[in-house]
Number of protein chains: 4
Amino acid sequence: MGGARTKRMPRAVREQQMLDAAVQIFGRRGYMVASMDEIAELAGVSKPLVYLYLNSKEDLFTACIRREAAALTEAVRAGVRPDLPADRRLWDGLLAFFAHTAEHPEAWSVLHLHARTHGEPFAAEVAAMRAEIVAFVTRLVAIAAREAHQDPDLPEDEVAGLAEALVGAAESLATWANATPGVTARQTAGTMMNFAWAGLGNLMAGQRWVPEPT
Amino acid sequence: MGGARTKRMPRAVREQQMLDAAVQIFGRRGYMVASMDEIAELAGVSKPLVYLYLNSKEDLFTACIRREAAALTEAVRAGVRPDLPADRRLWDGLLAFFAHTAEHPEAWSVLHLHARTHGEPFAAEVAAMRAEIVAFVTRLVAIAAREAHQDPDLPEDEVAGLAEALVGAAESLATWANATPGVTARQTAGTMMNFAWAGLGNLMAGQRWVPEPT
Amino acid sequence: MGGARTKRMPRAVREQQMLDAAVQIFGRRGYMVASMDEIAELAGVSKPLVYLYLNSKEDLFTACIRREAAALTEAVRAGVRPDLPADRRLWDGLLAFFAHTAEHPEAWSVLHLHARTHGEPFAAEVAAMRAEIVAFVTRLVAIAAREAHQDPDLPEDEVAGLAEALVGAAESLATWANATPGVTARQTAGTMMNFAWAGLGNLMAGQRWVPEPT
Amino acid sequence: MGGARTKRMPRAVREQQMLDAAVQIFGRRGYMVASMDEIAELAGVSKPLVYLYLNSKEDLFTACIRREAAALTEAVRAGVRPDLPADRRLWDGLLAFFAHTAEHPEAWSVLHLHARTHGEPFAAEVAAMRAEIVAFVTRLVAIAAREAHQDPDLPEDEVAGLAEALVGAAESLATWANATPGVTARQTAGTMMNFAWAGLGNLMAGQRWVPEPT
DNA sequence: TATGAATGAGTCTTCATTCAT
DNA sequence: TATGAATGAAGACTCATTCAT
C-alpha cells in the first residue's frame, strides 16, 4: 500500500489515495510534524501533484477533516433507525460511533486530537461535525425528558453542558479504547450506555445532587 | 505584558518567569508552532538564557507540563477534606478542578490538548497526573459501591472504562467551559455532579441498560 | 568564479559542482570553520539543495574525502607501470603523487590536514587511503630487500615504522611544496627519491646506526 | 585534577592552571570544538577569570602554542651536548624529541595538528618553532657534508627540501608513535636514525638516484 | 497527467564574550 | 581576586512551495 507509483489514474481516484495517505500521516504524526514529502511518498505520487490537486498543506488537512467527519457522521446516521425507541437509538448510535472510531483510529486521531490543536481554519470543521452529533444526542435527551413527563424546562446552560459531558465522555472513551487492546466497541458502548442513560433518567426524574450549605 | 527586560534576577525567579511565558505560548500555539524566540521575548529575556536554564525546547515543554500538572493535582487535593462524605468529596474535587482549569486556561490547554498530541516524552508526564486523578475518582466510586451495599465486584474492565468516562467527561467539560463565556466553575461542577453521581448511583444499585435482542 | 547560478542541471552534475565547492572551502578553512552557506554560494546553489543531495555537513565532508582519496590513489596507480623495476616504480609513484597534490592543493589539505583533525567518521576514510599507499610502499621495500639478497626478516615494528616514516616524509614534503612557490613536482620527487632510496639501500645492506654506549 | 576550585591563588599559578587545562582541551578536541566553558571548568575557574587573564580564545590558544613550543624546543636543546659528534647529537636530539612528544601527547597534538589547521595567527607561532628545529637539523647536515669532504654546494632548494623531509618524517613518526601503543621513544628514534643518517650519508657521498631517460 | 530540480524563510541551538557585583 | 547573570551573532538543518518540462 502506497509508494507503488502506478501511472495515470483518473483525478478522483488519485485524490482519494492522497487523502488516504494524508489521514494516515496526519493521524500518526500530527499536523505540524507531518511533512508533505512523507504524504506524497506514501500516496505514491510526486509532491507537485499533491499541490496540483489539493493546493496546500492547510487545504489538504481541511479536506482530510471534512472527509473523515462526513464518514463518521454518516456511519452514525446509518447505524440508527428512526423508528426505534430513544434508548435503542442512543445505543445504536453509540455502537456505530465506537465501531467506526475503532476501525479508523488515525481518522479519529485527526478529528479529535489534531484538528482541535490548531487554530481556526480547522477547529471550525470539527465543530460542525460535533454540532451534528450533539444535536442528535440533545434530541434524544429531550425525548427522554418528555417521556419522563417532566417539566420540560431544564435551564439551557445545563442542557448544553449535559450534552457536552455526554459527548466528551464518549470521545474520551473512544480514544481510550483505541489505546487499550482487547476492548470491543460493544463493551465500550455498554459502559457508556449504562452510565449515561441511567444518569439521564435520574436527572430527568428530578433527582439532583445539591451541595449542602456549609 | 512581558518584554519588560528587568535586569539581573536570581536564577530561580527567572526560571519561573520563563516557565510562565512558556505555558502561555505553548498553551496558545501548541508545542510545534510555539517558537523559542517568542517565549524568550514574552519572558523578557534573551534566547540563550532560556537555553542556559532550561536546556532545550523539549525540556522546557516537559518542565511546563510537570509544573502545571503538579499545580492542578495540588489544587484538587487542597480542595478536598478527607473527613467529609464521599459525595461531598467528589463535589469539592470537581469544584477545585474546574476552578483551577478556568483560572489557568493556557495551562489546561498545555496539559489536556498539547501534551497529549506529541509522542512519548510528554504523554508520560500527563499520564502520571491523570493516573492520580483517576485513582481519586476510583476511590470514591468504590466507596459509593460499598455504601450501596452492592456486590462489590464490578468487572475490572467496566470500572476502568467507567473512570475513564467520568474523567473524560470532566476534561471535556473543562475545555468547553473555557471556550464558553459566562459559565462558572460552580455551574460546571453542578452539571458534572448530577450527571456522574446519579449515573453512578443507578449503576451501583444494579440497574443496568441492556439492549433487547433484535 | 562560482555563484553563476546556472539553472536546472541533472543531479549528478550538480553533485559534482557541490563537491568541487566543498573541497575548496573545506580545504581553505577547515571542517569546523567552513559554513554550509559559503559552500552553497560557491557552488552556485541554494543551501537546501546541498542538503537534499548530500544530507549533512558530515556526509558532505565524508563525500569530499572519499572522492579526493579515490582520485589521489587512482592518480598514483595510473602513474605506475607494474612491469618496470622497483626503483622506477617508486619514482613514478612519487612523481604522480607530488604532481597530483600540487595540482589539487585544497584536496590535499582536506585529506592530510583537515580530515585527520576531526574524530572517527573522517579519520577512518583517510586511513583507508593511507593504508593503500603504505601497502604500495611496503611492497617496494620488500622487493628492494629481496634484491639486496638480504635476510628478509626486518623486525615487524621496524618495517611499520619505516613505512610510516617514508610516507610521513612524503606527506610533509607535499604540504611544504604547496606552500613554497617555484618548486616542481619533479624536484620534490627527486629529493624524496634520493633520501628514501639511498636510506633504504643502506638499511637493506645491513648498515645500521647504533648509539655508542655512554 | 581540575574542577577543585580552590580559592585565591596568585595570578601566575592560576594562569598556568588555565594553560594546562586549555592544552588538554585544545589537544583533545581541536581549536574550534574546544569551548571556553569546558576549559574554565577543567581549570576549576569561572569563565570571566579566564578572560581576565588571557583575554580571548585566540590569545589563549596562542599562549598554549607558545608555551608548548618553548617547552619542546627546550627539551630538545637540553638533550643535546654541543661537544659531542654530529651523529650523536642527532641521536640525542631525536631521543629528546620523541620522549617529549610521547610524554605530552596533547601538547604535541596542539602543535602539530591543531595549530597548523587554523589560519595565520597560529601557524606563524609554530613556524617559528619549526624553523629552530630545522636549523638544528640543517647544521648537522652541513657538518655531515663537510665531514664527507664533499663539494659543499648542494643546491639550496634541495637542502631545504631535505630538511623538510627529515623533520616531516620525524613529526609523522611522533604522531604515529603516540597512536601506537607499546612503541618506545628509543625505538622510534632508532628507526629514524638508521633511516636518516644512512640516507644522508649516501647522499653526501654523491650517490644519487637519477631517473633513466625514457 | 505528472515530475525532477530548486529555493525563501524560518527554527533550534551554541558560543565567545561582557556586565554588575 | 573572583563570579553569577546575561546576550549578539551566527550556523546547521527543515519545510512548504514553485518552476520548467
Side-chain angles (χ1 to χ4, degrees), chain A residues 5-11 13-14 32-40 44-60, chain B residues 5-11 13-15 32-40 44-58 60, chain C residues 5-11 13-15 32-40 44-60, chain D residues 5-11 13-14 32-40 44-53 55-60:
Chain A
R5 203 156 291 234
T6 321
K7 294 268 177 164
R8 304 270 149 182
M9 328 249 310
R11 169 160 184 159
V13 178
R14 269 279 139 91
M32 287 300 297
V33 182
S35 89
M36 296 298 272
D37 272 290
E38 203 179 358
I39 292 171
V45 189
S46 78
K47 231 187 327 173
L49 200 60
V50 178
Y51 278 88
L52 189 62
Y53 286 176
L54 276 322
N55 293 319
S56 72
K57 195 184 187 184
E58 249 189 69
D59 285 6
L60 174 56
Chain B
R5 206 153 290 234
T6 322
K7 295 275 177 140
R8 305 265 147 185
M9 332 248 311
R11 170 169 181 154
V13 177
R14 269 279 137 90
E15 258 184 35
M32 287 300 299
V33 182
S35 94
M36 295 298 272
D37 272 294
E38 203 180 359
I39 291 171
V45 186
S46 76
K47 217 183 345 167
L49 201 59
V50 179
Y51 277 90
L52 189 60
Y53 288 174
L54 276 319
N55 295 320
S56 72
K57 196 182 187 183
E58 238 186 85
L60 175 56
Chain C
R5 205 151 293 233
T6 321
K7 295 275 178 143
R8 304 266 148 183
M9 333 249 311
R11 171 168 182 154
V13 177
R14 268 279 136 90
E15 258 184 35
M32 287 300 298
V33 182
S35 95
M36 294 299 273
D37 273 293
E38 203 179 357
I39 292 171
V45 186
S46 74
K47 215 186 344 171
L49 201 60
V50 180
Y51 278 90
L52 189 61
Y53 287 174
L54 276 320
N55 295 317
S56 71
K57 195 182 186 183
E58 238 185 85
D59 284 9
L60 174 56
Chain D
R5 204 157 289 234
T6 321
K7 296 264 175 162
R8 305 269 150 184
M9 327 251 308
R11 169 160 186 161
V13 177
R14 269 278 138 92
M32 287 301 297
V33 181
S35 90
M36 295 299 271
D37 272 289
E38 203 179 359
I39 291 170
V45 190
S46 78
K47 230 186 329 172
L49 200 61
V50 178
Y51 277 88
L52 189 62
Y53 286 176
N55 294 319
S56 73
K57 195 183 187 185
E58 248 189 70
D59 285 7
L60 174 56

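Reckoned from all heavy atoms, side chains included, excluding hydrogens, waters and symmetry mates. Just so it is clear: chains get the letters A, B, ... in the order the sequence lines come, proteins before strands, and each one is counted from 1.
- Across the protein-nucleic acid pair, Leu52(D) atom CG and dA16(E) atom C1' stand 16 Å apart, rounded to whole Å.
- Arg11(A) comes within contact range of no nucleotide atom at all, as no heavy-atom separation falls under 4.0 Å.
- Arg11(D) and Leu52(D) make their closest contact through NH2-O, 4.2 Å (heavy atoms, listed as atom of the first residue, atom of the second, distance).
- If you take CG of Leu54(B) and C1' of dA6(F), they are 15 Å apart, rounded to a whole angstrom.
- When all heavy atoms of Arg14(C) and Arg8(C) are compared, the pair lying nearest together is NH1-N, 4.4 Å.
- Rounded to whole Å, the distance from CD on Glu15(B) to P on dA5(F) is 10 Å.
- The distance from atom OH of Tyr53(D) to atom CG of Asp59(D), rounded to the nearest 0.5 Å, is 16.0 Å.
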How would nucleotides 14-21 of chain F be written as a contact map, 5' to 3', with B for base contact, S for sugar-phosphate-only contact and - for no contact, using protein heavy atoms under 4.0 Å?
BBSBBB--

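- Distance Leu49(B) CG to dT14(E) P: 14 Å, rounded to the nearest Å.
- Taking Glu58(C) as the reference, Tyr31(C), Ser56(C), Pro121(C), Phe122(C) meet the side-chain contact (heavy atoms from CB on, under 4.5 Å) condition, with sequence neighbours excluded.
- If you measure from atom CE of Met9(C) to atom P of dA5(E), you get 11 Å, rounded to the nearest angstrom.
- The two residues Ala40(A) and Ser46(A) come nearest to each other via the heavy atoms CB-C, 4.2 Å.
- To the nearest 0.5 Å, atoms CE (Met36(B)) and NZ (Lys47(B)) are separated by 8.5 Å.
- Note that NZ of Lys57(D) is 8.0 Å distant from OH of Tyr51(D), once rounded to the nearest 0.5 Å.
- For the OP1/OP2 pair of dA2(E) and a distance below 4.0 Å, the side-chain nitrogens and oxygens of Arg14(A) include at least one atom meeting the criterion.
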A correct dot-bracket answer for DNA chain F, with pairs being Watson-Crick or G-U at under 3.5 Å, [ ] for crossing pairs and | for inter-strand pairs, is .||||||||||||||||||||

